[in-house]
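Before any comments, here is the structure.
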Amino acid sequence: MKLRAVLFDMDGTLLDTAPDFIAICQAMREARGLPPVDEQRVREVISGGARAMVSATFALLPDAAEFEALRLEFLERYQAGCAVHTRPFDGMEQLLADIEHAHLPWGVVTNKPVRFAEPIMQQLGLAQRSKVLVCPDHVTRSKPDPEMLLLACQQLGLPPQSVLFIGDDLRDIEAGRAAGTRTAAVRFGYIHPYDNPGHWGADVVVDTPQQLRRVLDQALCGC
């Protein structure tokens with residue numbers, strides 16, 4: 001079956017959101033008179049969400065007495081500045097243009113709550129171009145459960161087999177496989193150094209958005 005739509009994970013796949021997360025972590029440390037945290041330490045745990053980033057920033061376990069207050073502050077700061085430094089990865093704008101030129105709908109399926117995801121898409125001028133945006137708020141079970149992807153395919157009016165889902169985390173690939181979509185894992189996302197996308201079972205693994213273009217070309221011709 002030829003490719004008829006493309007779905008992206010947001011953080012670490014479509015968008016480089018790390019600079020905003022890192023800026024917030026540094027600001028929180030500076031407010032407490034602490035030296036900057038190693039940026040790579042934060043980048044490696046972004047897929048784990050606010051808990052993982054707060055834990056890495058302050059070397060705290062989630063059961064620490066002060067942890068919840070730090071997590072809530074992190075989320076408040078992110079709500080106020082979630083699209084200051086965030087941008088599409090290099091080459092992603094051209095990929096989106098190519099997808100649109102091929103008259104393929106594209107969308108985003110992310111575990112990021114809608115209160116963050118929608119403003120980011122709007123401020124980057126992507127909301128009016130994307131055909132679907134599915135967040136945890138829209139379902140009962142998030143990735144790696146297939147529910148989010150099945151909802152996106154339903155909204156597109158397409159069978160999952162005709163859709164490519166692209167992500168930078170094992171749960172993305174697990175969700176895609178369970179939903180019946182084609183899957184592509186990207187190495188340029190927020191991947192822990194001990195993790196290996198080649199072991200996730202994706203249909204294809206790529207190093208750059210430019211390589212995704214070749215994957216799309218093959219899928220469009222049914223190869």
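Keep in mind that what you see is a predicted model, and the values were worked out from it rather than measured.
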Seminar exercise, completed: Rounding to 0.5 Å, atoms CD (Glu44) and OH (Tyr194) come to a distance of 8.5 Å

Exercise. Do other residues, nucleotides or ligands put more than 12 heavy atoms under 6.0 Å from Asp137 CG?
Worked result: yes

Exercise. Can you tell me if Glu30 uses its side chain to pair, donor with acceptor, with the backbone of Pro36 under 3.5 Å?
Worked result: no

Exercise. Is any side-chain heavy atom of Arg115 less than 4.5 Å from a side-chain heavy atom of Leu75?
Worked result: yes

Exercise. Taking NZ, NE, NH1 and NH2 as the nitrogens, is one of them in Asp20 or Arg77 under 4.0 Å from a carboxylate oxygen of the other?
Worked result: no

Exercise. Side chain of Arg141, backbone of Glu147: donor and acceptor closer than 3.5 Å?
Worked result: no

Problem set entry | Residue among Val163, Leu7, Leu156, Leu96 satisfying side chain to side chain contact (heavy atoms under 4.5 Å, CB included) with Trp106 | Leu96

Exercise. For Phe188 and Asp207, which heavy atoms make the closest approach, and how far apart are they?
Worked result: CD2-O, 3.3 Å

For this session: Output the distance between atom CG (Asp16) and atom OG1 (Thr86), rounded to the nearest 0.5 Å.
Result: 7.5 Å

Problem set entry | Charged N-O contact under 4.0 Å between Arg177 and Glu174 | no

Exercise. Do you know which two heavy atoms are closest between Thr183 and Ala202, and how far apart they sit?
Worked result: OG1-CA, 3.3 Å

Problem set entry | Cys82 side, atom SG; Gln123 side, atom CD - distance, nearest 0.5 Å | 5.5 Å

Exercise. If you round to the nearest 0.5 Å, how far is OG of Ser142 from NZ of Lys112?
Worked result: 13.0 Å

Problem set entry | Phe165-Val205 co-clustered via ILVMFWY side chain contacts under 4.5 Å | no

Problem set entry | Joint cluster assignment, Leu158 & Leu149, ILVMFWY side-chain distance < 4.5 Å | yes

Exercise. For Tyr190, what residues pass the ring pair (Phe, Tyr, Trp, His ring centres under 6.0 Å) criterion, not counting sequence neighbours?
Worked result: none

Exercise. What pair of heavy atoms forms the shortest contact from Met148 to Cys135, and how long is it?
Worked result: CE-C, 3.4 Å

Exercise. So, Trp200 and Asp195: side-chain donor and acceptor under 3.5 Å apart, yes or no?
Worked result: yes

For this session: Could you tell me whether the side chain of Arg171 reaches within less than 4.5 Å of the side chain of Asn111, counting heavy atoms only?
Result: yes

Exercise. Side chains of Arg51 and Leu70: does their closest heavy-atom pair fall under 4.5 Å?
Worked result: no

Exercise. Any side-chain heavy atom of Ser47 sitting closer than 4.5 Å to one from Asp11?
Worked result: no

Problem set entry | Non-hydrogen side-chain atoms of Leu3 and Leu104 separated by less than 4.5 Å | yes

Problem set entry | Reported CG-to-CG distance for the pair Leu14 and Asp168, which is rounded to 0.5 angstrom | 11.0 Å

For this session: Mind listing the closest non-hydrogen atom pair of Thr110 and Pro136 along with its distance?
Result: O-CD, 3.2 Å

Problem set entry | Check against side-chain contact (heavy atoms from CB on, under 4.5 Å), Glu68 and Arg71 | CA-CA 5 Å; Glu68 184 60 13; Arg71 186 185 73 86; 2.6 Å; yes

For this session: Check whether any side-chain heavy atom of Phe8 sits under 4.5 Å from a side-chain heavy atom of Ile99, and report yes or no.
Result: yes

For this session: Would you confirm whether Glu93, through its side chain, and Pro88, through its main-chain N or O, come within 3.5 Å as a donor-acceptor pair?
Result: no

Seminar exercise, completed: Closest non-hydrogen contact found for Pro105 with Arg4 is CD-O, 3.1 Å

For this session: Give the C-alpha distance, both sets of side-chain angles, the deciding distance and a yes or no for side-chain contact (heavy atoms from CB on, under 4.5 Å) between Lys131 and Gln155.
Result: CA-CA 9 Å; Lys131 300 304 180 185; Gln155 292 178 349; over 6 Å; no

Problem set entry | Exercise: identify the closest heavy-atom pair between Ile166 and Thr13 | O-CG2, 3.4 Å

For this session: Using the rule that two of Ile, Leu, Val, Met, Phe, Trp, Tyr join whenever any of their side-chain heavy atoms come within less than 4.5 Å, decide whether Phe21 and Leu34 are in one cluster.
Result: yes

Exercise. Where do Asp169 and Lys143 land on the salt bridge (Lys or Arg N to Asp or Glu O under 4.0 Å) test, with the steps shown first?
Worked result: CA-CA 10 Å; Asp169 191 272; Lys143 297 178 291 183; over 6 Å; no

Exercise. Where do Ser55 and Val45 land on the side-chain contact (heavy atoms from CB on, under 4.5 Å) test, with the steps shown first?
Worked result: CA-CA 9 Å; Ser55 182; Val45 300; over 6 Å; no

Problem set entry | Side-chain heavy atoms of Ile24 within contact of Met53, under 4.5 Å | no

Problem set entry | 4.5 Å side-chain heavy-atom contact, Leu95 and Val6 | no

For this session: Could you walk me through whether Arg213 and Gln94 pass the side-chain contact (heavy atoms from CB on, under 4.5 Å) test, one step at a time?
Result: CA-CA 9 Å; Arg213 172 59 196 269; Gln94 183 59 52; 5.6 Å; no

Exercise. With the 4.5 Å side-chain cut-off for hydrophobic clustering, are Phe89 and Val215 part of the same group?
Worked result: yes

Problem set entry | Hydrophobic cluster identity match, Leu170 and Val206, side-chain contacts under 4.5 Å | no

For this session: Enter the distance from Ile46:CD1 to Cys25:SG here, rounded to the nearest 0.5 Å.
Result: 8.0 Å

